[in-house]
Novice: 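Structure in structure tokens, see below.
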Amino acid sequence: MKKKWNCFQKVGFSLVALIGVSAALAACSGDKKEDEVTTGEKSSGNEPQTIRLVAANHPWTEAIMPMLPDFEKETGITVKVDSYFEDQLSQKTSVEFAANAKSIDVVLFRPLQDGKQFEKNGYFASLNDYVSQEGNSTDDFVPSALGSVKNGDNLYGLPVVTESTVLYYRKDILEKAGLQPPKTLDELKEQAEKLSDPQNGLYGFVARGKRSPAVTQFSSFLYSHGADFMEDGQATLNTPEAIQAFEYYGGLLKDYGPPGTLNMSWPEAMAVFTQGKAVFYTDASALYTNATDPSKSGVAEEVGFAPFPAGPGGNKVAAPPAWAIAIGANSEKKDAAWQFVKWVTSKDIVLDLQADGITGALTSVWEMPEGVAHFPEDLTEAIVENNKHGVPYDRPAIINVGEARDAIGDVINAAIEGKDVKAAADKSNAAFQAILDKE
Amino acid sequence: MLYWIDKNVKWIYPLPAVLFVGLMMIFPIGYTFWLSFHEWSMSNITPPLWVALDNYMSLFKDELFRESLWITFYFTVVAVGVQTVLGILLALLMNKHIIGKGLVKTLFLLPMIATPVAVGLVWVLIYEPNVGVANIFLQALGLPVQEWLASPDLVIPSLILIDVWEWTPMIALIVLAGLVSLPKDPYEAAIVDGASGFQVFWNITLPLLKPAIYSAVLLRLIDALKTFDIIYATTQGGPGTSSQTLNIYGYVLGFQYFQIGKASALLMVFFAIVLSLSILVISLRKKAGAAL
């Protein structure tokens, strides 16, 4: 009998394993409780406070860290930073928020990915009162970026990073071949084919091929083929234009990409490019320091930037607000959190951040010469050019983004594998429509 | 009072254990069961909505569920099968008087004690298609390079290789413990009768070892069925959904799509599968004689 019971125990554990994952995640925040006891009162002066910022492993976070001592000196508020890889951040914050945890004071989030879901669930504190106390000072934010952190009149966050899909290319290789950076997708394909030399470990093109992460960067290819994810609530993944876009993107990676693209998100694709193994690479402009910083990139001197090439459907590129910052609804230190949000979105700090290569969301900073002085000139040109025909979203603007991205990613994967794209698109379109119908 | 304690002491001593089991096992299972009849998106504002058997119905209509069921069994059967054979061979080898036996045993233990996530990350590097050691090794042998974890066809065999590398030693250790405690008499009789080495192994060692092997297989079977860490650390179920086992799919449904009800239904089905397989193996072991 005892043995049998032992076995049941083990079986029981098998089920609890999944619950354990969430428990373990939540447990990570256990030590914050003490801070709350000692500094739990509302901010009313300069008594020492500690707030917790939950952020992503992103250049923004890296750039903000060295500036934190200044903020601490100014306000007496200490900021503790927890940072995670993008997808882990979404899971971590949603689990913590769902458990009604008070431990998140300030959170960095992706307005297009988690914004709607988190806002709907009441995870964010409204910033309306704070902003009106400051005299409604949101006019300076890039309007499309600000629109992505609002629900009607309720402002629940402030954008901190904008981005657009740019073309990274190898200046030296193009120069040697006597080529100009491609202006159209047809030219991109031609040049990728011409310059691809897999025997010597050089591939024509690299980009994200991993199911869900690929979607945001594929979107520019979709738009410039004259297609979109949906129209008036109807999924449009299997229109002839969309299928053409899937085939184009998957074809580039299949024919001229390095092995293993099906498992590549941006860190892996960026690694291939910065190891000098690829000629062209399309990804977010916000990631450019990874390619131009000699300590991270083996080809730092040789990286050039160009606007996203025009496709058969014209010149359309995803230029969305990538990251925003918000205050947790259950935070007990909202005032201190607001001081941090105000500080980190202020013109001075955004100017400093732009000097570190962070593409901010303040119009005035983009207009100041010192605001763009530190970007590579061709990157600034590419961003400015992109913004002229930017589409303000790079994934479907819905609540269940994760599920929709997986459905769209399935078609991208099918295209990379050289499978029947039409069949995959039909299937994913139905799945995507089912998600839309539920909302 | 003292008399009462004396009289009920057999109930009082196990009480902490009973409470622990109740809180840590029965409650989560019961709660998952309850959630599996509801639709809920982990939202604080909208409470769970009763939907009866809808979650189970949608699960059985779900192509991805069937696919992940198949992947789970494919992975488990091959991985445990290979491990069992290799583990027995390894145990027989370690049972011989070889030089540095202690050192060899310790080395074999190493994969088991490493953190699975760390193991996963190391293997991601090994399998990396462009710079990974696995392809350098293949090239040195003059074989074509592979995409390993990035190839939908090769990803499960690649994962099985990691699992085999990590867990074969455990089977070997359990079988070795069985080998050491075997009676000597049958062997002496066999030698007198002039049996060959293989005959001795097949007709004496293996039958006597059966209970130990069943124990090892049972442990590994349950573990392999619910493998999560290695797969999540290496592929997150990808490329596409090619390595999405039931456990990973449950995680995706729950924590990425926020379909807590459907995820709970999946876990209840999974629970039933693991439970019935365990009961099957236990009954087989009983038949073999529960010596261990």
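Keep in mind that this is a model prediction, so the values were computed, not measured. Note on naming: letters A, B, ... go to the chains in the order of the sequence lines (proteins, then strands), and numbering restarts at 1 for each one.
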Novice: Heavy-atom cut-off 4.5 Å, strictly under: side chain, backbone, both or neither for B:Q146 against chain A?
Specialist: neither
Novice: Given a strict heavy-atom distance threshold of 4.5 Å, which part of A:Q117 is in contact with chain B: side chain, backbone, both, or neither?
Specialist: side chain
Novice: For B:M112, look at atom CE and say whether over 12 heavy atoms of other residues, nucleotides or ligands are found less than 6.0 Å away.
Specialist: yes
Novice: At what distance, to the nearest 0.5 angstrom, does CG of A:N413 lie from OG1 of B:T241?
Specialist: 8.5 Å
Novice: Would you give the length of the straight line joining atom CG of B:L64 to atom CG of A:D410, rounded to the nearest 0.5 angstrom?
Specialist: 7.5 Å
Novice: Is B:F258 close to chain A through its backbone or its side chain, or both, or neither, when contacts mean heavy atoms under 4.5 Å?
Specialist: side chain
Novice: At a heavy-atom separation under 4.5 Å, does A:V401 approach chain B through its side chain, its backbone, both, or neither?
Specialist: neither
Novice: Could you look at B:Y232 and say if it's the side chain, the backbone, both or neither that has a heavy atom under 4.5 Å from chain A?
Specialist: side chain
Novice: Looking at chain A, which one of B:S41, B:G238, B:S242, B:A150 has the largest number of heavy-atom pairs inside 4.5 Å, strictly under?
Specialist: B:A150
Novice: Could you state the interatomic distance from NZ (A:K438) to CD (B:E39), rounded to the nearest 0.5 Å?
Specialist: 7.0 Å
Novice: Looking at every heavy atom in both A:N263 and B:L149, which two are closest together, and how far apart are they?
Specialist: ND2-O, 3.0 Å
Novice: Using a cut-off of 6.0 Å, state whether more than 12 heavy atoms not belonging to B:F137 lie near its atom CZ.
Specialist: no
Novice: Can you check whether A:P259 reaches B:N130 side chain to side chain, under 4.5 Å on heavy atoms?
Specialist: yes
Novice: Using a heavy-atom cutoff of under 4.5 Å, enumerate the residues of residues 202-212 of chain A that contact chain B, numbered in order, or state 'none'.
Specialist: A:Y203, A:K210, A:R211
Novice: Just wondering, more than 12 heavy atoms not from B:Y257 lying within 6.0 Å of its OH?
Specialist: yes
Novice: Hey, could you give me the CD/CZ distance between A:Q91 and B:F255, rounded to the nearest 0.5 Å?
Specialist: 8.5 Å
Novice: Looking at B:Y13, I'd like to know if its OH atom is crowded, meaning that more than 12 non-hydrogen atoms belonging to other residues, nucleotides or ligands lie closer than 6.0 Å.
Specialist: no
